[in-house]
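For clarity, every value in this text was computed on a predicted model and none was experimentally measured.
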Amino acid sequence: MTRTVDDVHREIGEEVDGRADALWDVALRLHADPEYAFAEHRAAALLSGELERAGFEVERGVAGMPTAFTARSGGHRPAVALLLEYDALPGLGHACGHNLIAAAGLGAALVLRAVPGATGAGSVLAVGTPAEEGGGGKAAEVETGVFDEVDAALMFHPGVHDWARAPLTAQVQYRVAFHGRAAHPTGSPTEGIDALAALVELFNVLAVLGRRLPEGSHVQGIVTHGGTATNIVPEYAEGLFGLRAATTGALEDLTDRLRVCADGVARATGTTAEVERATVRYEHFRDSAVLSERFAAHLSRSGIALTPPAPGVYLGSSDIGNVSTRVPAIHPFVAVMGADGSDHTPEFAAAAASPRAREVLVAATRALACTAADVLLRPEVRQEAWARHREERGG
């Protein structure tokens with residue numbers, strides 16, 4: 001009897017159900033032991049160890065990051081990457097639910113290897129991606145070629161909405177420093193050049209600019225150095241500015257505007273300005289509608305219906321955007337708490353270890369594995385996903 005892709009989907013569901021307790025245990029172990037950007041040593045060891053014991057070929061220390069890894073089953077294309085995030089938030093633990101992302105990616109990879117015929121002649125690549133919350137592990141993996149021979153990159157994200165597509169903006173941080181001249185503010189006030197006054201003026205200029213920015217663009221800054229004593233005119237002041245925009249092109253424009261503003265303030269105040277990038281740039285996320293629609297269809301069989309995101313609402317930024325510039329990618333949101341809540345809160349951290357989170361984990365694992373099987377077993381799916389990807393990227 002010839003097995004169909006639908007047969008594979010059914011067997012994937014059965015396999016996920018059989019592994020549900022073990023996957024939930026992994027999610028809870030990660031949740032109870034949060035680790036932070038580039039220091040997720042125990043999480044990486046736990047996840048890569050599970051994959052290695054299942055027969056995956058594991059490479060650790062990928063892209064020069066000690067807590068990054070890849071685990072491969074099969075050696076030929078087509079190939080699907082399942083992305084595992086596992087960093088936590090300082091002071092809040094897994095308040096973004098990365099424990100669930102890691103367990104779902106792990107589970108989907110293990111299930112695809114276990115179900116006969118689920119990958120055809122293709123391969124599965126589980127990718128351990130550190131430092132999503134700050135540092136951009138995926139961006140480094142993109143630059144070192146981890147995704148060069150991959151046909152799709154799949155992950156889900158727990159949230160407060162059930163959205164098929166992730167409205168994620170481009171994001172980068174810049175350090176702006178002003179150099180002036182120290183003096184006594186009473187004894188020789190005209191000799192001083194106030195670097196802090198220049199920095200404050202930059203905040204004022206950016207506030208005016210902010211009223212004219214396009215939807216999705218904004219600048220948020222903090223003062224990181226404002227002087228050393230009240231009886232010294234500050235000769236040095238520094239701020240850190242987070243820039244976001246709906247697209248990477250808009251972010252580049254916003255970066256140019258920041259430089260123009262800083263230079264103008266420097267000329268007006270007699271200071272000199274330095275503007276330098278302080279973080280990895282996150283690209284905006286480009287959703288593969290071909291694949292996200294399949295994920296949503298598979299998830300609906302577990303009773304979870306995904307909808308398009310609300311217009312004009314953005315949910316932050318992620319280095320999955322950098323991956324989506326190279327290969328067709330998905331990043332749907334699946335709610336683990338009500339829409340009146342928010343991630344990056346203690347309440348969300350609790351929700352990431354709740355009974356609802358367990359149900360979402362099982363459902364998302366099944367949907368990820370079935371979507372991956374579609375990519376690996378249906379040439380027409382791959383072809384359409386790549387065609388749409390290249391069209392949206394301008395060829």
Side-chain angles (χ1 to χ4, degrees), residues 3 5-33 42-58 69-74 80-86 94 97-120 122-129 152 154-158 294-295 297-304 330 332 334 336 351-377:
R3 295 170 71 250
V5 177
D6 288 340
D7 293 329
V8 170
H9 290 160
R10 185 184 65 257
E11 292 174 25
I12 283 173
E14 294 169 354
E15 187 71 25
V16 170
D17 289 341
R19 295 174 181 265
D21 289 342
L23 295 176
W24 183 234
D25 180 66
V26 168
L28 292 180
R29 289 173 65 184
L30 294 171
H31 190 275
D33 187 19
R42 293 181 297 279
L46 169 63
L47 297 164
S48 63
E50 292 286 338
L51 290 157
E52 198 165 45
R53 282 188 290 276
F56 283 74
E57 181 181 346
V58 174
F69 65 85
T70 60
R72 182 179 294 276
S73 177
V80 170
L82 294 155
L83 309 187
L84 285 64
E85 295 177 1
Y86 36 83
H94 279 286
H98 290 189
N99 61 311
L100 301 174
I101 297 173
L106 170 69
L110 294 174
V111 164
L112 286 165
R113 179 175 171 83
V115 171
T119 61
S123 58
V124 174
L125 184 70
V127 184
T129 65
L154 311 178
M155 64 175 289
F156 99 102
H157 202 297
R294 287 191 167 270
F295 177 91
H298 290 304
L299 192 69
S300 68
R301 297 188 180 95
S302 298
I304 301 173
I330 67 169
V334 185
V336 296
S354 67
R356 182 173 178 177
R358 188 186 192 280
E359 294 174 4
V360 167
L361 170 62
V362 174
T365 301
R366 181 184 297 113
L368 286 171
C370 287
T371 305
D374 288 339
V375 174
L376 295 169
L377 300 177

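The neighbour count for Arg356 CZ, taken as heavy atoms of other residues, nucleotides or ligands under 6.0 Å away, is above 12. With a 6.0 Å radius and a threshold of 12 heavy atoms from other residues, nucleotides or ligands, Glu57 has its CD atom at or below the threshold.
Leu47 places a side-chain heavy atom less than 4.5 Å from the side chain of Tyr86. Using a 4.5 Å heavy-atom cutoff, the side chains of Leu377 and Val8 are in contact.
Judged by distance alone, the side chain of Thr129 and the main-chain N or O of Leu84 form a donor-acceptor pair under 3.5 Å. His31 contributes no side-chain N or O that, together with a main-chain N or O of His94, makes up a donor-acceptor pair within less than 3.5 Å. Panel note: side chain Arg113, backbone Ala54; a donor-acceptor pair is recorded below 3.5 Å.
Summarising the geometry, atom CZ belonging to Phe56 is positioned 11.0 Å from atom OG1 belonging to Thr70; distances are rounded to the nearest 0.5 Å. Of the inter-residue distances, the one linking Cys370 atom SG with Arg10 atom CZ reads 11.0 Å to the nearest 0.5 angstrom. Distance check: Ile12 CD1 to His298 NE2 gives 8.0 Å after rounding to the nearest 0.5 Å. Note: Leu125 CG to Leu83 CG = 9.0 Å, rounded to the nearest 0.5 Å. Distance CG/Leu368 to CG/Leu106: 11.5 Å, rounded to 0.5 Å. Here His157 contributes atom NE2 and Glu85 contributes atom CD; the two are 5.5 Å apart, rounded to the nearest 0.5 Å.
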**Message:** Checking Leu112 against Leu82 for the side-chain contact (heavy atoms from CB on, under 4.5 Å) test, could you report, in this order, the C-alpha distance in whole Å, the side-chain angles of both residues, the deciding distance, and whether it holds?
**Reply:** CA-CA 11 Å; Leu112 286 165; Leu82 294 155; 3.9 Å; yes
**Message:** Pair Leu376, Val124 - check side-chain contact (heavy atoms from CB on, under 4.5 Å), show working.
**Reply:** CA-CA 9 Å; Leu376 295 169; Val124 174; 4.1 Å; yes
**Request:** I would like to know whether Val360 and Phe156 meet side-chain contact (heavy atoms from CB on, under 4.5 Å); could you show each step before the answer?
**Result:** CA-CA 10 Å; Val360 167; Phe156 99 102; 3.8 Å; yes
**Asked** Is there a side-chain contact (heavy atoms from CB on, under 4.5 Å) between Leu51 and Phe69 once you walk through the steps?
**Response** CA-CA 11 Å; Leu51 290 157; Phe69 65 85; 3.8 Å; yes
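The side chain to side chain donor-acceptor pair (under 3.5 Å) test applied to Arg366 returns Asp17, Ser302, not counting sequence neighbours.
Minimum interatomic distance between Ser300 and Ala297 (heavy atoms only, all atoms of both residues): OG-O, 2.5 Å. Contact between Ala44 and Ser48 at its shortest, heavy atoms only, is O-OG, 2.7 Å. When every heavy atom of Leu100 is checked against every heavy atom of Ala357, the shortest pair comes out as CD1-CB, 3.8 Å. Pairing each heavy atom of Thr371 with each of Ala367, the nearest pair is OG1-O, 2.7 Å. Residue Ala102 comes nearest to Leu30 through the heavy atom pair CB-CD1, 3.7 Å, listed as atom of the first residue, atom of the second, then distance. In terms of heavy-atom proximity, Ala103 sits nearest to Thr365 at O-OG1, 4.5 Å.
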Only distances under 3.5 Å count here; give the side-chain donor-acceptor pairs of residues 18-28 to other protein atoms, sequence neighbours excluded, each with its distance to 0.1 Å.
unit_1	atom_1	unit_2	atom_2	d
Arg19	NE	Glu15	OE2	2.9
Arg19	NH2	Glu15	OE2	3.2
Asp21	OD1	Arg358	NH2	2.3

